[in-house]
Amino acid sequence: MAYWLMKSEPFKYSWDDLVAEGEGTWDGVRNYQARNNLAAMQVGDEAFFYHSREGLEVVGICTVSVAGITDPTDETGKWAAVKVKAKEKLAHPVTLVAIKAEPRLAEMQLIRQSRLSVCGVTPVEWQVICEMAKG
DNA sequence: GCCAACGTTGGC
DNA sequence: GCCAACGTTGGC
């Protein structure tokens with residue numbers, strides 16, 4: 001079981017949109033490293049839902065409900081996608097500022113590669129952020 | 001809205 | 001195979 005962080009611009013697809021739908025397809029990724037992360041996901045993996053460009057914070061946790069599907073928005077069939085379900089909303093969103101201020105999170109892929117839209121998260125990092133989310 | 005950083009593309 | 005040009009992303 002692995003942990004991930006998925007970025008979305010809230011004016012395109014927000015946490016509330018996912019909650020409203022119940023299950024959402026994570027497609028449209030056109031970056032090879034992000035695709036590799038998508039392809040590595042297993043059903044039951046958990047992912048932080050992060051709002052980029054606006055918000056700049058982790059707002060919720062979702063679980064992978066369907067793994068290893070091809071991106072339905074792509075005709076060439078070479079891009080990957082997964083389906084996710086909203087699991088829980090964080091009691092307190094964890095902002096990028098707070099993540100940067102936490103030494104244990106300094107090595108996060110999110111920080112080191114700011115443009116990667118689907119990042120891996122280590123179990124330690126996951127736990128630290130979950131603790132921060134409790135306030 | 002701007003711009004830096006990064007990834008991709010295409011000409012040579 | 002290199003590298004300049006271009007497009008996109010995301011933090012500010």
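The sequence lines fix the lettering, A, B, ..., with proteins before strands; numbering per chain opens at 1. Excluded from the calculations below are hydrogen atoms, water molecules and symmetry mates; all remaining heavy atoms, backbone and side chain alike, are included.
- Between the side chains of A:T73 and A:R30, at least one donor N or O sits under 3.5 Å from an acceptor N or O.
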All N/O donor-acceptor pairs, side-chain side in residues 40-48 of chain A, below 3.5 Å, sequence neighbours left out:
from, atom 1, to, atom 2, distance (Å)
A:D45, OD1, A:A2, N, 2.9
A:D45, OD2, A:W4, NE1, 3.0
A:D45, OD2, A:Q42, N, 3.0
A:E46, OE2, A:K87, NZ, 2.7

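- Under a 4.0 Å N-O distance rule, the pair A:R104/A:E125 does not qualify as a salt bridge.
- By the side chain to side chain donor-acceptor pair (under 3.5 Å) test, A:N31 pairs with no residue at all, sequence neighbours left out.
- Using cut-offs of 30° and 60° for the angle between ring planes, the A:Y3 and A:W126 rings count as parallel.
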Assign a letter to each nucleotide of nucleotides 3-12 of chain C from its 5' end: B, base within under 4.0 Å of a protein heavy atom; S, sugar-phosphate only; -, no contact.
----BBBBBB
